[in-house]
Structure formats: structure tokens, C-alpha cells
Amino acid sequence: MKRKAILYGGDCNPEQWLDSPEILETDIAYMKEAGINTVSMGMFSWAVLEPEERVPVGWHRLIQRFCG
């Protein structure tokens, strides 16, 4: 796969900020300002997902709202 730009990124862990969406909003603003064009997400989300038999999608919607 050919790329026209160098991938520049980091981790985004929205599941750590479910009770403080303003922190996530600020983090995303900083990522945009820094020119980040790729992120790994949900690295620690299993702790949020495992207790339930269904997958909660609330934080996915939060990310879509800020990055969409």
C-alpha cells in the first residue's frame, strides 16, 4: 500500500475519560493541532467491555462527535 504522507500518531484511550468528555475533546484538539493523522484506540477498553455481554458503543459515538 502506497502512502502520500508519513503516518504520525499516538494512542487515544477514550474509555479512560467516560466521565470527563471535556478531557477527550481537549486531547483531540491537541492531536489535530499537532498534525496527528493516525491513532490506536481502545487499548485499555477491555476492562470496560468485558463485564457486559454486549459491547457498549457510547465512547465510539463520543469519538465520532469530536472527530467527525
Side-chain angles (χ1 to χ4, degrees):
M1 175 183 328
K2 291 186 179 184
R3 301 265 182 216
K4 295 185 183 207
I6 293 174
L7 296 178
Y8 176 60
D11 292 333
C12 181
N13 300 298
E15 67 278 6
Q16 294 178 332
W17 306 111
L18 294 176
D19 59 344
S20 301
E22 67 280 357
I23 292 174
L24 180 59
E25 185 174 5
T26 301
D27 286 350
I28 291 171
Y30 287 154
M31 287 188 272
K32 287 180 179 181
E33 183 180 331
I36 289 177
N37 60 17
T38 188
V39 296
S40 58
M41 292 183 57
M43 300 302 290
F44 303 105
S45 65
W46 192 249
V48 174
L49 301 175
E50 187 178 16
E52 303 285 331
E53 291 207 14
R54 64 178 184 78
V55 176
V57 294
W59 64 271
H60 292 95
R61 290 188 189 121
L62 186 65
I63 293 297
Q64 288 173 341
R65 190 177 91 216
F66 290 132
C67 295

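Residues: numbered from 1 along the sequence shown. This structure is a prediction, so every number in the text was calculated from the model and none was measured.
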Residue pair G9 / I36: nearest heavy atoms and the distance that separates them: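 So the two residues come closest at CA-CG2, 3.6 Å.
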
Output the distance between atom [atom1] ([X]) and atom [atom2] ([Y]), rounded to the nearest 0.5 Å.
X   : Y   : atom1 : atom2 : result
D27 : K32 : CG    : NZ    : 12.5 Å
L18 : N13 : CG    : CG    : 11.0 Å
T26 : E33 : OG1   : CD    : 11.5 Å

Pairing residues for D19 by the side chain to side chain donor-acceptor pair (under 3.5 Å) criterion, not counting sequence neighbours: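 None.
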
Residues in side chain to side chain donor-acceptor pair (under 3.5 Å) contact with S40, at least two apart in sequence or another chain: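 D11.
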
Cluster check Y30, I23: I/L/V/M/F/W/Y, side chain < 4.5 angstrom: no

Connected via hydrophobic side-chain network under 4.5 Å: I28 and Y8: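 Yes, same cluster.
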
N37 side chain to L7 backbone, donor-acceptor under 3.5 Å: no

